[in-house]
Amino acid sequence: MDDKALIYLDNAATSYPKPAGCMLRALARYIELGASPSRGGYDLAREAETAVSDVRHALRCFFGADEHYPVCFGSNATDALNTLIQGLTEPGDHLVSTCLEHNSVLRPLHHLRAQGRIEFDLAEFDASGFVNPDDIAAMIRPHTRMVVINHASNVLGTVQPVSAIGEICRNKGIPLILDVAQSAGAIPVEMKNWNVSGMAFTCHKSLLSPSGIGGLIIHPDLPIRPIRFGGTGIDSANLFHTQTFPYRLEAGTLNFLGILALNESLSYLQELETQGYRQMEMALTEKLRDGLSEIYGIDLYAAQSLENHLPLITCNVRGYVAADVGAILDGDFNIAVRTGLHCAPLVHKHISTAPNGAIRFSLGIFNTGASIDAAISAMSIIARNA
Ligand SMILES: Cc1ncc(COP(=O)(O)O)c(C=O)c1O
């Protein structure tokens with residue numbers, strides 16, 4: 001590798017770098033306050049518990065949830081999706097989902113089906129990368145327990161019509177479970193307005209926080225069982241896990257440092273919003289899309305329109321395997337991208353890019369016009385040599 005500065009375009013995997021000031025402030029607060037939240041009657045533990053409650057409140061505001069919606073912390077979106085899917089399903093249930101899902105939904109569904117516990121149907125997406133709400137409606141059966149969908153595809157970047165799907169679910173009395181792993185922080189999320197009953201988030205992507213912190217927000221009437229049992233700091237005489245929210249879905253000591261970091265990142269994102277960071281990211285995405293689309297031999301996926309789209313572009317170079325392009329971008333140009341199937345094998349199957357997948361450029365708040373120019377130029381050199 002040469003001495004070129006790293007151009008990081010893999011923010012859909014995890015955002016990099018993290019805002020240093022936020023992370024340092026969180027660490028300082030943790031050093032000062034690091035008792036176990038909700039695990040002690042002394043002042044320091046109570047202060048830690050208040051700090052956690054403040055972040056639960058900040059998340060409700062950030063995601064458009066009501067104040068009485070429980071916010072339960074876990075380690076990431078995968079953890080939260082497992083809790084939602086396994087904690088809501090009963091033997092014999094039917095679920096509706098889509099071919100746009102990440103393995104964090106597909107694998108729980110396939111494991112539960114292999115155990116003979118559930119059945120499911122997956123709605124397909126159109127050539128532009130969108131699911132049709134009518135297809136979801138048509139799949140709902142009398143014993144459908146939930147609809148679980150990805151808000152925004154981590155492969156194609158397309159943002160799904162959640163509000164219309166939420167309306168269908170509300171009319172049929174079926175909970176809508178939403179995976180906002182990619183959208184949280186990148187685009188607005190309106191949990192209550194969209195009739196979402198349960199939402200899984202992860203904080204290390206566009207929420208700009210460290211890995212190991214995520215969780216779920218639910219409608220308080222959602223009849224969800226815990227799938228992990230253990231200490232909660234409350235109701236300790238009970239040998240069964242507490243039913244009280246948010247502890248019902250939190251077993252074991254929380255990632256307090258991660259929660260404090262999330263608090264800092266949420267404030268930082270709100271400040272960035274006043275400077276129009278989302279518009280800036282999309283302007284750079286458009287620049288990348290336009291630059292790549294002018295290069296002979298590059299195929300773009302679902303990027304004709306960038307309306308309802310995340311700041312990411314996925315493509316292939318004809319004559320190359322995606323992983324080889326990634327290796328050249330890394331080795332010759334010091335550009336970090338994600339190649340392959342992006343943990344979403346059905347998306348690649350449907351756009352005919354399996355088994356090698358594609359090259360994904362995903363932007364973040366620290367990217368500049370110069371980094372996009374460098375990526376376009378590198379791709380043009382690679383395509384010319386194909
Ligand atoms: C759409 C989607 N859902 C879920 C996940 C899982 O997130 P985590 O690995 O943080 O649990 C990802 C991660 O890439 C994702 O893109």
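Values in this document were obtained by computation on a predicted structure and should not be read as measured data. All ligand and atom numbering here is 1-based and tracks the order in the structure.
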Ligand 1 atoms in contact with [X] (distance to a heavy atom under 4.0 Å):
X      : value
Asn150 : 1 (C)
Thr202 : 8 (P), 10 (O)
Gln182 : 1 (C), 14 (O), 15 (C), 16 (O)
Asn76  : 8 (P), 10 (O), 11 (O)
Ala181 : 2 (C), 3 (N), 4 (C), 5 (C), 12 (C), 15 (C)

>> Judged on heavy-atom distance to atom 11 (O) of ligand 1, which of Thr78, Thr14, Asn82 sits nearest?
In response: Thr78
Which heavy atom of the protein is the closest neighbour of [atom], given with residue, atom name and distance?
atom                    : answer
atom 14 (O) of ligand 1 : Lys205 NZ, 2.6 Å
atom 3 (N) of ligand 1  : Asp179 OD2, 2.6 Å
atom 15 (C) of ligand 1 : His102 CD2, 3.3 Å
atom 7 (O) of ligand 1  : Ala77 CB, 3.7 Å

Closest heavy-atom pair and its distance - [X], [Y]:
X      : Y      : value
Arg248 : Ile224 : NH1-O, 2.8 Å
Gly291 : Ile295 : O-CG1, 3.4 Å
Asn103 : Pro108 : O-CD, 3.5 Å

> Same cluster or not: are Phe201 and Tyr69 linked, directly or through other Ile, Leu, Val, Met, Phe, Trp or Tyr residues, by side-chain heavy atoms under 4.5 angstrom apart?
Replying inline: yes
> Heavy atom of Ser104 under 4.0 Å from ligand 1?
Replying inline: yes
>> Can you confirm, on distance only, whether ligand 1 has an N/O atom lying under 3.5 Å from any N/O atom belonging to His204?
In response: yes
>> Is the ring pair Phe120/His110 parallel, tilted or perpendicular, if the boundaries are 30 and 60 degrees?
In response: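 Taking His110 first and then Phe120, their aromatic rings stand perpendicular (interplane angle over 60°).
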> Using 30° and 60° as the class limits, which term best fits the ring planes of His151 and Trp194: parallel, tilted or perpendicular?
Replying inline: perpendicular
>> I'd like to know if the side chain of Thr98 pairs up with that of Glu101 as donor and acceptor (distance under 3.5 Å, no hydrogens or angles considered).
In response: yes
> Which residue, Arg145, Arg117, Arg113, forms the salt bridge (Lys or Arg N to Asp or Glu O under 4.0 Å) with Asp93?
Replying inline: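 So the option named by the test is Arg145.
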> Taking heavy atoms and a distance under 4.0 Å, where does His342 meet ligand 1: side chain, backbone, both or neither?
Replying inline: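 Within the 4.0 Å criterion, His342 makes no contact with ligand 1.
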> Below 4.5 Å, heavy atoms only, C-beta onward: do Met379 and Cys315 meet side chain to side chain?
Replying inline: yes
